[in-house]
Structure formats: structure tokens, C-alpha cells
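The structure follows.
So you know, we letter chains A, B, ... as the sequences are listed, proteins then strands, and number each from 1.
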Amino acid sequence: MSLEDEILRQRLTRTREIEALGFPPYGHRFDYSHTIPEILAQWAETPAEELDRQPVRVRVAGRIQTIRRMGKAGFAHLQQNGERLQIYVRRDTTPEADFTLYKKLLDIGDIIGVEGRLFRTRTGELSVWVEKLYFLAKTLLNMPEKWHGLEDVETRYRQRYLDLIANPEVRRIFITRSRIVASLRRQLEQRGFIEVETPMMQPIYGGATARPFVTHHNALDIDLYLRIAPELYLKRLVVGGLERVYEINRNFRNEGISTQHNPEFTMLEFYQAYADYNVLMDFSCELLERTAVDATGSSRVVYQGQELDFSRVQRYRLREALIEFWPGGDKPRPENLADPDWLNRHSTKPTPGEQLMEIFEEKIEDRLVQPTIIYEYPVETSPLSKTKPGDPAFVERFEIYAAGMEIANAYTELNDPQEQRRRFEAQLELRARGDEEAHQMDEDYLRAMCYGLPPTAGEGIGIDRLAMVLTNSKSIREVILFPLLRPEPPLGLAERLRAAEKETGG
RNA sequence: GAGCCGGUAGCUCAGCAGGUAGAGCAUCUGCCUUUUAAGCAGAGGGUCCUGGGUUCGAGUCCCAGCCGGCUCACCA
């Protein structure tokens with residue numbers, strides 16, 4: 001018999017023995033007096049004599065992390081909310097059944113409750129002297145090892161619950177991520193933005209350049225696309241008079257998976273009527289600094305050994321950044337950036353704007369380690385942005401970079417329906433030439449715009465990437481609880497459970 | 001999609017000169033009333049990712065495949 005099946009049988013047998021002792025093997029409600037972190041915080045400094053003189057009674061619950069049994073007494077560590085508290089069980093100060101439960105039937109990973117008083121051991125560790133035990137849930141499978149935790153990356157992602165139990169830093173990452181989202185929501189709400197939800201299944205996908213996932217609705221017999229961006233719906237709402245809206249939700253892009261890309265990822269998009277991209281640049285700086293402080297306690301965070309300072313976000317025009325951050329000696333001069341010969345030497349793209357962007361992405365992007373705003377983008381690559389007055393080759397758009405990654409994209413929204421129609425038509429030509437990612441014509445969006453979209457600025461912030469930067473994570477999969485993986489082959493677990501139940505007389 | 005690296009006990013890993021498969025933790029039995037990587041004595045546990053091939057003999061060498069990681073390409 002394999003070890004796993006042997007353990008399964010042992011533990012099922014124990015489950016019955018626990019029941020025979022008078023404990024429900026899967027308990028019900030347990031009202032604890034404190035969480036383990038609360039106990040550790042509240043009595044961290046209390047000396048042993050004071051705990052003895054004025055006993056503190058507590059009821060706590062947790063998962064057994066370690067267990068050390070001696071003949072007539074023993075210790076265990078309970079884990080709750082990422083922290084652990086030691087318990088002490090003695091034969092002469094615990095009911096007989098409770099001691100038997102502790103001595104014979106508990107396994108690492110079981111969830112129990114205890115009642116008792118706080119004391120300090122000889123070595124000074126704050127512990128609970130147990131007077132009563134409660135059994136709350138049995139673990140039927142072996143837990144990961146206690147020193148190294150769980151390191152196999154695939155198992156960590158597939159069985160994230162084990163990762164969270166075994167690796168406290170993983171728990172911290174997701175708590176930080178939650179704080180980031182909470183901070184962004186709070187700040188937007190404070191400024192009068194309202195949160196909305198727009199379709200994730202869309203008949204026409206738009207708002208970004210990407211390949212979509214396709215699905216089918218049976219009753220209507222239509223194909224729908226999982227959204228690649230919420231942008232066009234959010235701007236319809238601005239037309240409708242919801243002048244400050246935001247949405248935090250998933251986008252889906254049917255493209256490669258990498259340390260910076262997951263097929264579904266979380267985006268904050270917000271739109272502010274009567275503003276332009278300059279307003280959003282200032283707002284973004286405040287937003288990011290505040291978020292960094294709320295999530296990590298500081299506006300300066302360390303990412304892969306480098307300190308990033310969110311209190312001083314630098315700003316460069318795209319064309320300035322090309323010169324400023326150019327790697328190596330052949331630094332371009334301002335006039336080069338408008339010179340077709342120079343552009344052709346450095347890029348194979350067909351238009352000057354696309355060439356500029358390609359060169360930027362290739363040479364500059366990964367050098368933007370400090371939080372940096374890059375602004376004024378070529379019109380060709382920005383079909384939904386408003387052009388710069390007096391310079392129609394460029395649009396009022398900016399992106400924010402940090403740790404060499406794009407984490408935000410924003411612009412003054414194009415609100416002239418005729419101009420928008422022409423941009424869509426240009427995209428259709430690209431599509432006709434085989435560019436699967438070119439935007440589709442969205443006539444309903446055009447119709448909304450024909451009713452009048454106020455001057456508006458909008459921005460999207462990639463929550464996963466921001467979380468990477470603020471949690472010092474090298475891979476996007478470290479900040480997504482369940483990143484997309486190829487499905488596992490069948491486990492056969494149901495079969496094994498059934499066999500074990502039969503054999504142990506269930 | 002391409003290149004590099006990896007897949008051995010539940011977990012973390014060793015084994016490479018091709019010769020019957022190992023350690024620590026975990027598990028089981030016994031002892032132990034302040035331990036904490038508890039300790040001591042004993043025991044069990046393996047489709048060495050899969051399938052072919054070379055060989056008297058393959059965890060080890062060769063080929064193909066599967067799964068994963070990293071880098072690159074596309075993208076946010």
C-alpha cells in the first residue's frame with residue numbers, strides 16, 4: 001500500500017476514534033475569545049509572574065503546525081492568520097478524554113480549539129496551558145514539510161491553500177494586494193468616483209489591442225467575446241452623465257503567458273469628465289504614492305534590490321525619454337526622432353509613430369526602473385486618444401512605468417465622433433491587412449459619442465503589476481491566487497477515499 | 001512559438017564511473033510532565049514523469065513525448 005493510502009486509512013480510523021471519545025470529528029461553531037495574532041500582540045510583553053498572579057483565560061482556534069508529545073504532557077503550535085501560538089497539554093490538568101485526544105489522535109494539520117490560561121514557559125514563550133480541547137476538523141493528507149515549506153512552484157499554484165498554510169510570506173503578498181485595491185477604492189470614492197460593473201461578455205471587443213477569448217450564448221445563439229478592456233462601456237456611462245466612474249475587474253486577453261502576463265488580469269479603469277491628461281498625471285502621482293503607503297507603510301519600496309520612490313514620480317515626453325534613457329553611445333538627437341532615415345534604421349514598422357513606439361519599447365522600457373510618467377504618444381498607436389493641439393501626430397496620452405514594466409496607461413479621450421469614425425476606419429484597414437489585434441468598428445459606441453461625450457480623461461492601472469512592484473514579486477503568478485495552468489490529469493482521489501472508507505468500516 | 005534548466009518517498013533534496021534506490025522532516029510502535037528543527041530506540045513507505053532504444057544490466061546514456069520554471073518573441 002502506498003504511504004498516502006496508508007495515511008488515509010490511519011486518519012479515517014482516527015476520525016472514528018475521535019468520535020468514539022465523544023468529540024465530533026468535524027466540529028461546528030467555535031467562539032474564540034481572541035485570534036492568535038491578537039493574543040501575541042496583547043500579551044507580548046506581559047511577564048510570567050503577572051500572568052500567574054492575574055490569570056488570563058483564553059479560547060483560541062487554529063491549525064496544528066507542530067506537535068511535541070512527551071509521556072504525560074506535551075506542546076503544540078497552533079497557527080491562525082499567519083501567526084502561531086504554543087499550547088501546553090498536561091495529563092493532570094486536562095480531562096482524560098481531552099488528553100487521550102491530544103496524545104493519540106491529533107495530527108499536524110488538524111484544526112482544533114483550546115481553552116485555558118496564558119503562561120510563559122521556562123524559555124519565556126507565551127503559551128496556553130490547556131484545560132479543555134475541542135476538535136474542529138481532521139486533515140486526511142500529509143502536510144508539507146515544516147522547515148522548507150512548500151517550494152515546488154507548480155504545486156504552490158495548483159494547491160494555493162497549501163502554499164498559504166506553509167509559506168507565511170505568500171499570505172502577506174495577498175494581504176498587501178488586498179490593501180492596494182482597498183486603498184485605490186478609498187481614494188477614488190473620496191474624490192467622488194462611483195464604482196460600476198460593465199459587461200465582461202461583449203458582442204464587439206474593443207478598448208485595447210489584443211486577441212480575445214470567444215464564447216457562445218446558446219439561447220441567443222451568438223458568439224460573445226470576453227472583454228479585453230471595459231473602456232468603451234465606461235465612456236458610454238460618461239455620456240450618460242456618470243461623470244466620475246471606475247471599475248476594478250478582470251480583463252481577458254488570449255495571448256502568451258509570461259512572468260508579466262496572465263490571460264486574465266485585473267485592471268482599474270477610471271474616467272473623469274471635464275479633465276484632461278494633465279489632471280490625471282497629477283492625480284496618478286498622488287494615487288500611487290498613497291497606495292504605496294497604505295499597502296506597504298512607505299512610499300519607498302524595494303523591488304529586486306532597488307529602492308523605488310513613489311513620492312517623486314519623474315515625467316518625460318516619450319521623445320525626451322528616448323534620448324534621456326538611450327542605452328549605449330549612439331544617443332539620438334531630437335531631430336533624429338523626426339527623421340525617416342534614422343527611424344528606418346532602427347525599426348521595421350511602416351509609420352513614424354509605430355517606429356517611435358517600437359524603438360521605445362525595445363530600448364527604453366526596461367530601463368524605466370523608478371516610477372516614471374512617459375507622455376505624448378504617436379497618434380497611430382492610440383486610436384481612442386485626443387490629439388495634441390497644434391501637433392496632430394501626437395496624442396495627449398501618458399503611461400506610467402515602474403521596475404521596467406508598464407503599470408498604467410491614460411489619455412485625454414477622443415470625443416469627436418467624426419474623428420473617432422476615421423480612426424476606426426484606419427483600424428479596419430489594418431484588420432483587412434491581417435492585423436488580428438486592430439480595433440473593431442463599434443457603431444454603438446460611435447452613436448453614444450454622437451450624443452456628446454464631454455471632454456474626459458481616463459486611465460487604466462494594471463493591478464497585478466502594481467501588486468508585483470509593491471510586494472517585490474518577480475512573477476505575476478506570485479500575485480494572482482490561482483494563475484492559469486494546464487489542467488492536471490485525474491487525481492483518482494474520490495476512488496481512493498471510497499476504498500479507504502470501505503476498509504475502515506465507514 | 002524558440003532556447004536553457006528541471007521532474008527520485010507526503011515534503012525538501014542527494015544519488016551521474018551504468019551494477020539490488022538514500023537522507024532529513026513527516027508516518028507507525030515503544031520510552032519520556034516546560035519542549036520548541038524536542039530527544040532516544042525500532043519499523044514501514046518508491047510506476048526514480050511517460051514511452052521507446054542502447055546494454056548482460058538504465059534513476060543514471062540516447063530518442064520522442066508530457067508537465068513545470070527561467071529567458072526571448074507577442075502583449076498590459
Original post:
Is the ring of A:W147 stacked on the base of B:rA37, with centres less than 5.5 Å apart and planes under 30° off?
Top reply: no
Subject >> Options B:rA26, B:rU34, B:rU35, nucleotide nearest the side-chain atoms of A:I108 >> reply: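 The closest nucleotide is B:rA26.
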Subject >> Shortest non-hydrogen separation from A:R423 to A:S382 and the atoms involved >> reply: NH1-O, 3.1 Å
Subject >> Opposite nucleotide pairing with B:rU60, Watson-Crick or G-U, both atom distances under 3.5 Å >> reply: none
Original post:
Nearest of B:rU27, B:rC32, B:rU35 to any side-chain atom of A:K103?
Top reply: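 Taking heavy atoms from C-beta onward, the closest nucleotide is B:rC32.
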Original post:
So which of A:M201, A:Q202, A:M200 actually passes side chain to side chain contact (heavy atoms under 4.5 Å, CB included) with A:L224?
Top reply: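 With A:L224 as partner, side chain to side chain contact (heavy atoms under 4.5 Å, CB included) holds for just one option, A:M201.
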Original post:
So, is A:S258 near the phosphate of B:rA73, with a side-chain N or O under 4.0 Å from OP1 or OP2?
Top reply: no
Original post:
For B:rC40, what is the paired nucleotide under Watson-Crick or G-U wobble rules, both distances under 3.5 Å?
Top reply: B:rG30
**OP:** Decide, yes or no, whether a salt bridge links A:K235 with A:E231 under the criterion of side-chain N to carboxylate O below 4.0 Å.
**Re:**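 Here A:K235 pairs with A:E231 in a salt bridge, since their nearest N and O are under 4.0 Å apart.
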Original post:
Which residue lies toward the 5' end of RNA chain B, A:M143 or A:T121, if each is placed at its nearest nucleotide?
Top reply: A:M143
Subject >> B:rC48 to B:rG10 separation - C1' atoms, rounded to the nearest Å >> reply: 16 Å
Original post:
At under 4.0 Å between heavy atoms, what does A:N409 touch on the DNA or RNA strands: base, sugar-phosphate, or nothing?
Top reply: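 Answer is nothing: A:N409 stays at 4.0 Å or more from every strand.
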Original post:
Looking only at side-chain N and O atoms, does A:T209 come under 4.0 Å of OP1 or OP2 in B:rA76?
Top reply: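 Checking A:T209 against B:rA76: at least one side-chain N or O falls below 4.0 Å of OP1 or OP2.
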Original post:
Whole Å only: how far is the CD1 atom of A:I257 from the C1' atom of B:rU71?
Top reply: 16 Å
**OP:** Mark yes or no for a side-chain to base donor-acceptor pair under 3.5 Å between A:R90 and B:rU33, with no hydrogen or angle criteria applied.
**Re:** yes
Original post:
When you compare B:rA58 with B:rG51, how far apart are their P atoms, in angstrom units rounded to a whole number?
Top reply: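 Going atom to atom, P in each nucleotide, I get 14 Å.
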Subject >> Side chain of A:D92 - closest among B:rA76, B:rU33, B:rU12 >> reply: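 It is B:rU33.
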**OP:** Give a yes or no on whether a salt bridge exists between A:K104 and A:E17, defined as a side-chain N under 4.0 angstrom from a carboxylate O.
**Re:**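 Looking at A:E17 together with A:K104, the answer is no, because their closest N to O distance does not fall below 4.0 Å.
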Subject >> Nearest-Å distance once atom C1' is located in both B:rU12 and B:rA37 >> reply: 13 Å
**OP:** For B:rA21 versus B:rG3, give the span between their C1' atoms, rounded off to a whole number of Å.
**Re:** 33 Å
**OP:** Pick the P atom in B:rU55 and in B:rU50, then give their distance to the nearest Å.
**Re:**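 Comparing P positions in B:rU55 and B:rU50 gives a spacing of 23 Å.
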**OP:** Could you state the atom-to-atom distance from CD of A:E488 to C1' of B:rC49 in whole Å?
**Re:** 13 Å
**OP:** Determine the Euclidean distance between corresponding C1' atoms of B:rG45 and B:rG22; express it in Å to zero decimal places.
**Re:**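 Comparing C1' positions in B:rG22 and B:rG45 gives a spacing of 13 Å.
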Original post:
Nearest to the side chain of A:F75, which nucleotide is it out of B:rA76, B:rC67, B:rU35?
Top reply: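 Taking heavy atoms from C-beta onward, the closest nucleotide is B:rU35.
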Subject >> A:K72/A:D92 salt bridge by N-O under 4.0 Å criterion >> reply: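 No salt bridge links A:D92 with A:K72.
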Subject >> Residue from A:E396, A:K386, A:R397 passing side chain to side chain contact (heavy atoms under 4.5 Å, CB included) with A:Y411 >> reply: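 Single side chain to side chain contact (heavy atoms under 4.5 Å, CB included) partner of A:Y411 among A:E396, A:K386, A:R397: A:R397.
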Original post:
Nearest of B:rG68, B:rU34, B:rU12 to any side-chain atom of A:E154?
Top reply: B:rG68
Original post:
Should the pair A:Y88 and A:F119 be assigned to parallel (<30°), tilted (30 to 60°) or perpendicular (>60°) ring geometry?
Top reply: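 A:Y88 and A:F119: tilted rings.
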Subject >> Minimum-distance nucleotide to A:Q10 side chain [options: B:rU35, B:rU27, B:rA76] >> reply: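 That would be B:rU27.
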Original post:
Looking at the side chain of A:E145, which of B:rU35, B:rA76, B:rC11 is the nearest nucleotide?
Top reply: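 Comparing B:rU35, B:rA76, B:rC11 against the side chain of A:E145, the answer is B:rC11.
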Original post:
In Watson-Crick or G-U wobble terms, both distances under 3.5 Å, what is the partner of B:rG22?
Top reply: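 B:rC13 is the nucleotide pairing with B:rG22.
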Original post:
A:R158 CZ to B:rC66 P: how many Å, rounded?
Top reply: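 One finds 15 Å between P of B:rC66 and CZ of A:R158, rounded.
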Subject >> Closest listed nucleotide, where the reference is the side chain of A:N142 and the choices are B:rG24, B:rA26, B:rU35 >> reply: B:rA26
Subject >> Minimum-distance nucleotide (side-chain atoms of A:A73 versus B:rU33, B:rA76, B:rU35) >> reply: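 In terms of side-chain proximity for A:A73, the closest of B:rU33, B:rA76, B:rU35 is B:rU33.
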**OP:** Starting from the 5' end of RNA chain B, give me the residue, A:R486 or A:A408, whose nearest nucleotide shows up first.
**Re:** A:R486
Subject >> N/O (side chain, A:R69) to phosphate O (OP1/OP2, B:rC32) under 4.0 Å >> reply: no
Subject >> Partner nucleotide of B:rA2 by Watson-Crick or wobble geometry (both distances under 3.5 Å) >> reply: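 Check on B:rA2: paired to B:rU71, both distances under 3.5 Å.
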Original post:
Rounded to whole angstroms, how far apart are CD1 on A:I64 and P on B:rA26?
Top reply: 14 Å
Original post:
For the pair made of CZ in A:F265 and C1' in B:rC74, what is the distance, rounded to whole Å?
Top reply: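 So the CZ-C1' distance, A:F265 to B:rC74, works out to 14 Å.
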**OP:** Nearest whole angstrom, please: distance from the C1' of B:rU71 to the CD1 of A:I476.
**Re:** 17 Å
Original post:
With respect to the side chain of A:D152, which nucleotide from B:rU35, B:rU12, B:rA76 is positioned closest?
Top reply: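 The answer is B:rU12.
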